[in-house]
Amino acid sequence: MLRVNRTAVLALLIVSSSVFLLFQLHYYRKYVSKVSHTRVNAFLLCSSLQQVVKKFLALVQHFKLPLFLTDTAVLALLSQDALRQRDRLVREPHCSFLCTGRAVTSFALQANQWKYDPGFLLAAEQKGFEVMELRGVDPRLASLDTLSGEDIPLHFLFRLHSHVIQVVFLYERSGNYLWHGALRLKGDADRSFAAFKVLDYGRYAGAYDRPQLILTVLDGLDVRVPRNISRFLAQQKHARFLECRYRDARNFLQLYPDDSSAAAVDFRRKAKALLHLTAQTLARLDVPFWLSSGTCLGWFRQCSIISYSRDVDIGIFITDYRPDIIAAFTDAGLTLKHKFGKVEDSLELSFLIEDVKLDVFFFYDNGDIMWNGGTQAKSGRKFKYIFPRFSLCWAELLELKVRVPCETLDYVTANYGTSWNIPLRVWDWKSSPSNVQENGVWPVAEWAELIQVY
């Protein structure tokens, strides 16, 4: 037998071990060190962001700004359980909430609680922040008599170390809600100052209920946040606000002066009370509604109620129907006048209070279109009113925050045609609307159930 050369075997083992060791070193340098470098960079970035926010909040505290966190990415990370148990939150040096990977952090300022102080912006610049102040016209001062309000601050942007902090001004409106303006850059503005397309706030004006705030600790920093975060985030998704078109309304009323008779004034007073009562009643049921038909036309065309319409019209998606809607309205003091149709088809309710009628039209989604139904009581004839698809926005009418179709012009044009800006005092609901269609006849055997007149 051949004798094994121990020296050769040892040399072979040493060479193999050396090659394996070199491979490990190469892998570590190429991959592990790369991951470590990434982690170090991420840590440094988060640390830098935390310091930026910390420096900003110190300024906020010094100038007593009524600020609260509105950043959707940060709020989405917060659980109600964690907020309810603040004592369990530990002041940790790492960035668990504020470091969302975005280059912007958003806050809101309750403008009615802070007197504008230009010293705040000057102090921010002295701390190293670059500052952009965006202003706009105060819509609360606009009316049919005066179309120009004073300029007010709408948004502050602070930039430091490539991170931007957005401050949105929330103003109280007469409908007991908070409003912020759209963010619009003027011609000489620096469009590279921030990633404007990814800002949570400013693409449109927005409307919110006044949130209740609590103080909590995020990444070692004291921050105010909405107590009901899920509700606030839900509102933020559907906060778009449409301002009344005061200039067009004034032009309309110069051509067609509003009725100032005692009867018209009395109707507008009653319609306002009915609209407020409707909003309160449906809010208790958590049923969203919007201005429809003539009431929507009045808001869009003349920023008011059409005095000769003699009723209030609202729309509700049939998916939001609740069986206790009728009971809720009757408990609120309204009398049911008629109930037509059924949940599956052409449901319509009508109530009366103080000689003013409330018509509730239920809308059905049919792919590319939406529609509501109508019924003629004496014949059982059915009608369908076709609308292009629409979404809902907030607006204000008669000192009340209400929803309207965002695509208001398309909605109004569908119902009233291209001559919607010309008043028509004679109106036949079966033939006058541009979007009405015959939709068959209710079976006589079902009239007792589907055509109820009180």
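The figures here come from the full heavy-atom set of this structure, side chains too, leaving out hydrogens, waters and symmetry mates.
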> Run the numbers on Y204 and W394 for ring-ring contact (aromatic ring centres under 6.0 Å, His included), then give the verdict.
CA-CA 11 Å; Y204 306 108; W394 289 109; over 10 Å; no
> Establish, yes or no, whether the cationic atom of R403 lies under 6.0 Å from the six-membered ring centre of F317 and within 45° of the ring axis.
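No cation-pi geometry.
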> Roughly how far, to the nearest 0.5 Å, is the CG atom of L221 from the CZ atom of F56?
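Atom-to-atom, F56:CZ and L221:CG are 12.0 Å apart.
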> Scan the side chains in residues 283-297 for donor-acceptor partners under 3.5 Å anywhere in the protein, sequence neighbours excluded, and list what turns up.
residue : atom : partner : partner atom : Å
W290    : NE1  : Y411    : OH           : 3.1
S292    : OG   : Y411    : OH           : 2.6
T295    : OG1  : D313    : N            : 2.8

> Pairs in or reaching into residues 252-279: which pass salt bridge (charged side-chain N to carboxylate O under 4.0 Å, His left out), with residues at least two apart or in two chains?
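Non-adjacent pairs meeting salt bridge (charged side-chain N to carboxylate O under 4.0 Å, His left out): D258-R268, D266-R269, D266-K270, K272-E399.
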> Mind checking what makes salt bridge (charged side-chain N to carboxylate O under 4.0 Å, His left out) contact with R203, not counting sequence neighbours?
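For R203, no residue satisfies salt bridge (charged side-chain N to carboxylate O under 4.0 Å, His left out) once neighbours in sequence are set aside.
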> Scan the side chains in residues 443-453 for donor-acceptor partners under 3.5 Å anywhere in the protein, sequence neighbours excluded, and list what turns up.
residue : atom : partner : partner atom : Å
W447    : NE1  : W442    : O            : 2.9
W447    : NE1  : P443    : O            : 3.4
Q452    : OE1  : Y454    : OH           : 2.5
Q452    : NE2  : E449    : O            : 2.9

> Given 3.5 Å as the limit, does a donor-acceptor pair link the side chain of S346 with the main chain of G373, or not?
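Such a contact is absent between S346 side chain and G373 backbone.
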> Mind running ring-ring contact (aromatic ring centres under 6.0 Å, His included) on F340 and F383 for me, showing each step along the way?
CA-CA 12 Å; F340 295 153; F383 300 87; over 10 Å; no
> Which pairs count as salt bridge (charged side-chain N to carboxylate O under 4.0 Å, His left out) when at least one residue sits in residues 361-379, sequence neighbours excluded?
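For residues 361-379, and leaving out neighbouring residues, the salt bridge (charged side-chain N to carboxylate O under 4.0 Å, His left out) pairs sorted by first residue read D365-R389.
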> Are the side chain of R301 and the backbone N or O of W420 linked by a donor-acceptor pair below 3.5 Å?
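Indeed, once roles are kept as given, a pair shorter than 3.5 Å links the two residues.
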> Hey, could you give me the NE2/CG distance between H338 and L352, rounded to the nearest 0.5 Å?
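Going from NE2 on H338 over to CG on L352, the span is 11.5 Å.
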> List the steps and the verdict of ring-ring contact (aromatic ring centres under 6.0 Å, His included) for F156 and F169.
CA-CA 8 Å; F156 285 163; F169 279 72; 4.8 Å; yes
> Which side-chain N or O atoms in residues 102-112 pair as donor and acceptor under 3.5 Å with protein atoms at least two apart or in another chain?
residue : atom : partner : partner atom : Å
R102    : NH1  : D200    : OD1          : 3.3
R102    : NH2  : D71     : OD1          : 3.1
R102    : NH2  : D71     : OD2          : 3.0
R102    : NH2  : D200    : OD2          : 2.9
T105    : OG1  : H163    : NE2          : 2.9
S106    : OG   : Q166    : OE1          : 3.3
Q110    : OE1  : Q113    : NE2          : 3.4
N112    : ND2  : E172    : OE2          : 3.1

> Looking at K54, I'd like to know if its NZ atom is crowded, meaning that more than 12 non-hydrogen atoms belonging to other residues, nucleotides or ligands lie closer than 6.0 Å.
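Count not over threshold, so no.
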> Only pairs at least two apart or in different chains count here, so list each salt bridge (charged side-chain N to carboxylate O under 4.0 Å, His left out) that has a residue in residues 186-195.
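For residues 186-195: none.
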> Enter the distance from Y201:OH to T72:OG1 here, rounded to the nearest 0.5 Å.
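Y201 OH to T72 OG1: 6.0 Å, rounded to 0.5 Å.
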> Before giving the answer on side-chain contact (heavy atoms from CB on, under 4.5 Å), spell out for V225 and V74 the whole-Å C-alpha distance, their side-chain angles and the decisive distance to 0.1 Å.
CA-CA 10 Å; V225 299; V74 179; over 6 Å; no
> Check for a donor-acceptor pair, side chain of R224 on one end and backbone N or O of L213 on the other, with a separation under 3.5 Å.
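Looks like no, no N/O pair under 3.5 Å.
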> Scan side-chain atoms only and decide if S230 and N228 contain a donor-acceptor pair under the 3.5 Å cut-off.
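There is such a pair (donor and acceptor under 3.5 Å, judged by atom type) between the side chains of S230 and N228.
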> Sequence neighbours excluded, which residues qualify as side chain to side chain donor-acceptor pair (under 3.5 Å) partners of Q376?
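For Q376 the side chain to side chain donor-acceptor pair (under 3.5 Å) partners, ignoring immediate neighbours, are S379.
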> Can you tell me how far apart CG (L409) and OG1 (T418) are? Round to the nearest 0.5 Å.
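Those atoms lie 10.5 Å apart.
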> Can you list the residues that meet the ring pair (Phe, Tyr, Trp, His ring centres under 6.0 Å) rule with F361, with sequence neighbours excluded?
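F361 satisfies ring pair (Phe, Tyr, Trp, His ring centres under 6.0 Å) with no residue once adjacent residues are dropped.
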> Excluding sequence neighbours, so at least two apart, what forms ring pair (Phe, Tyr, Trp, His ring centres under 6.0 Å) with Y321?
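Ring pair (Phe, Tyr, Trp, His ring centres under 6.0 Å) check on Y321 returns F362.
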> If a pair satisfies salt bridge (charged side-chain N to carboxylate O under 4.0 Å, His left out) and one of its residues is in residues 326-348, list it, with sequence neighbours excluded.
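Every pair satisfying salt bridge (charged side-chain N to carboxylate O under 4.0 Å, His left out) with a residue in residues 326-348: D345-K382.
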> Measuring from atom CG of L78 to atom CD1 of I229, what distance do you get when rounded to the nearest 0.5 angstrom?
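Reported to 0.5 Å precision, the distance equals 4.5 Å.
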> Please identify each residue that fulfils salt bridge (charged side-chain N to carboxylate O under 4.0 Å, His left out) with R240, with sequence neighbours left out.
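With sequence neighbours excluded, R240 shows a salt bridge (charged side-chain N to carboxylate O under 4.0 Å, His left out) to no residue whatsoever.
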